[in-house]
Amino acid sequence: SQPVIDDTGTFIYMPPSESWGGTDQLERYNTDTGELETLAQAPDYATYSHGAWKNGKLWIVLDDNNLYSYDPETDEWSSPLYDFGAMANVAGSGPGSNLIYVMVDGGSFFSYDVETDTATPLDSHPYGFELGGNCQLTWFGASVGFIYAADGQNGVEPAIYDIAAGTWQQLADPQVPTGWSGHATYDSTRMRLYVTGAEIKDGDDDYDSVWYYQY
């Protein structure tokens with residue numbers, strides 16, 4: 001599972017993960033003190049799942065296919081909030097939005113309003129999306145922004161979802177991920193979406209590559 005950083009940058013949350021024997025334990029690292037804290041036990045494991053931080057809480061789909069939130073103020077997990085029917089990844093959104101975005105194994109795509117607890121179906125990923133490896137679902141940009149989604153298993157093309165337009169965009173020069181498609185992060189100053197560990201276009205494996213989309 002992918003670490004999630006809170007809004008202040010103080011805490012790095014490490015969600016429970018199925019890998020390496022499995023754990024339903026949530027931990028967080030305090031970047032100010034260097035301390036690792038053990039938090040409330042999660043309701044289930046989180047195989048391959050990426051969570052997001054929104055409105056002061058961690059949001060993640062666990063292995064029972066349900067969305068949950070974790071509240072650090074009370075050190076408590078919510079009850080199941082929404083059953084997506086399969087494993088899923090979660091991405092956040094801009095600071096002015098109450099939405100998180102959920103990509104379900106297979107490619108179904110939803111927004112979820114954390115204030116009203118309402119899930120809204122959106123257009124599915126155009127090339128499919130199978131959870132595994134380091135598949136990516138990443139919000140980036142300013143204001144409304146975009147979602148970058150890369151399949152972690154099948155080597156299909158990534159795509160970018162334009163939140164304002166409500167449509168998926170094909171990349172002009174797509175770098176096709178391998179089974180370990182790495183992680184993505186956005187540099188808002190240079191307007192670059194950096195991605196690690198992609199397969200270069202001629203088909204040769206280059207797992208140490210780092211590249212970016214100017215977006």
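Sequential numbering from 1 along the given sequence is applied to the chain's residues.
- Side chain to side chain, Glu35 and Asn30 fail the donor-acceptor criterion of an N or O pair below 3.5 Å.
- Counting heavy atoms from C-beta on, the side chains of Asn66 and Val61 never come closer than 4.5 Å.
- Looking at every heavy atom in both residues, Ala86 comes nearest to Asn65 through C-OD1, 3.1 Å.
- Using modelled atom types, one side-chain atom of Ser93 and one backbone atom of Leu99 make a donor-acceptor pair closer than 3.5 Å.
- Put simply, the residue from Asp71, Asp6, Val114 that forms a side-chain contact (heavy atoms from CB on, under 4.5 Å) with Lys57 is Asp71.
- The aromatic rings of Trp77 and Tyr68 sit perpendicular, their planes meeting at an angle over 60°, well past the 30° parallel limit.
- Atom-to-atom distance recorded for Asn89:CG and Asp105:CG is 9.0 Å, nearest 0.5 angstrom.
- Annotation: side chain of Gln170 is in contact with side chain of Glu157 (closest heavy-atom distance under 4.5 Å).
- Residues Trp53 and Leu67 are members of separate hydrophobic clusters, defined by side-chain heavy-atom contacts under 4.5 angstrom among Ile, Leu, Val, Met, Phe, Trp and Tyr.
- Nearest approach of Met14 to Leu36, heavy atoms of both residues: CE-CD1, 3.4 Å.
- Applying the 6.0 Å contact sphere to CD of Gln214 captures more than 12 heavy atoms from other residues, nucleotides or ligands.
- Contact annotation: the side chain of Val102 approaches that of Phe84 to within less than 4.5 Å [non-hydrogen atoms, C-beta and beyond].
- The aromatic rings of His125 and Phe129 lie tilted to each other, with the angle between the two planes from 30° to 60°.
- Within the 4.5 Å cutoff, no side-chain heavy atoms of Leu26 are placed close to those of Gln41.
- At a threshold of 4.5 Å between side-chain heavy atoms, the hydrophobic network of Ile, Leu, Val, Met, Phe, Trp and Tyr places Leu131 and Val90 in two separate groups.
- Checked against the 6.0 Å centroid threshold, Phe110 and Tyr101 do not count as a close aromatic pair.
- Side-chain contact of Asp75 with Tyr70: a donor-acceptor pair under 3.5 Å is present, judged by distance alone.
- Tested against Ser111 for a side-chain contact (heavy atoms from CB on, under 4.5 Å), the candidates Ile147, Leu122, Ile163 yield a single pass: Leu122.
- Under a hydrophobic clustering in which Ile, Leu, Val, Met, Phe, Trp and Tyr are joined whenever their side-chain heavy atoms come within less than 4.5 Å, directly or via other members, Ile5 and Ile100 fall into different clusters.
- Distance check, rounded to the nearest 0.5 Å: OG1 of Thr138 to CZ of Phe146 gives 14.0 Å.
- Across Pro16 and Ala46, no two heavy atoms sit closer than the pair O-CB, 3.0 Å.
- Taking both residues in full, the closest heavy atoms of Asp162 and Gln169 are given as OD2-NE2, 3.2 Å, listed atom of the first, atom of the second, then distance.
- Side-chain atoms of Leu171 and Pro158, non-hydrogen and from C-beta on, do get closer than 4.5 Å to each other.
- Placement of Phe109 and Val144 within a single hydrophobic cluster is found when ILVMFWY residues are connected by side-chain heavy-atom separations under 4.5 Å, directly or transitively.
- Across all non-hydrogen atoms, the minimal contact from Trp168 to Ser124 is NE1-O, 3.1 Å.
- Looking only at distances, no side-chain donor or acceptor of Lys54 sits under 3.5 Å from a matching main-chain atom of Ala91.
- Although no hydrogens or angles enter the test, the distance criterion places a donor-acceptor pair under 3.5 Å between the side chain of Gln25 and the main chain of Leu39.
- Without hydrogens or angle criteria, Gln136 side chain to Ala184 main chain gives a donor-acceptor distance under 3.5 Å.
- Within the model, atoms OG of Ser49 and CG of Leu137 stand 10.0 Å from one another, a figure rounded to the nearest 0.5 Å.
- No close placement of the Tyr186 and Trp139 rings is indicated, their centers lying 6.0 Å or farther apart.
- Less than 6.0 angstrom separates the ring centroid of Phe140 from the ring centroid of Tyr215.
- Looking at Asn98, its side chain never comes within 3.5 Å of a backbone N or O of Glu115 through a donor-acceptor pair.
- Rounded to the nearest 0.5 angstrom, Ile60 CD1 and Asp44 CG are separated by 10.5 Å.
- Rounded to the nearest 0.5 angstrom, Phe11 CZ and Thr33 OG1 are separated by 7.0 Å.
- Ring planes of Tyr148 and Tyr213: tilted class, angle from 30 to 60°.
- The NE2 atom of His50 sits 12.5 Å away from atom CE of Met103, with the distance rounded to the nearest 0.5 Å.
- Between Pro43 and Asp24 the shortest side-chain heavy-atom distance does not fall below 4.5 Å.
- Counting heavy-atom neighbours within 6.0 Å of Tyr194 OH, excluding the residue itself, gives a total above 12.
- When side chains are defined from C-beta on, Tyr112 counts as touching Trp59, because their heavy atoms get closer than 4.5 Å.
- A donor-acceptor distance shorter than 3.5 angstrom exists from the side chain of Thr31 to the backbone of Thr10, with no hydrogens or angles considered.
- With contacts defined as side-chain heavy-atom distances shorter than 4.5 Å, the pair Thr38/Glu27 qualifies.
- A distance-only check finds no donor-acceptor pair linking the side chain of Ser97 to the backbone of Pro95 [under 3.5 Å].
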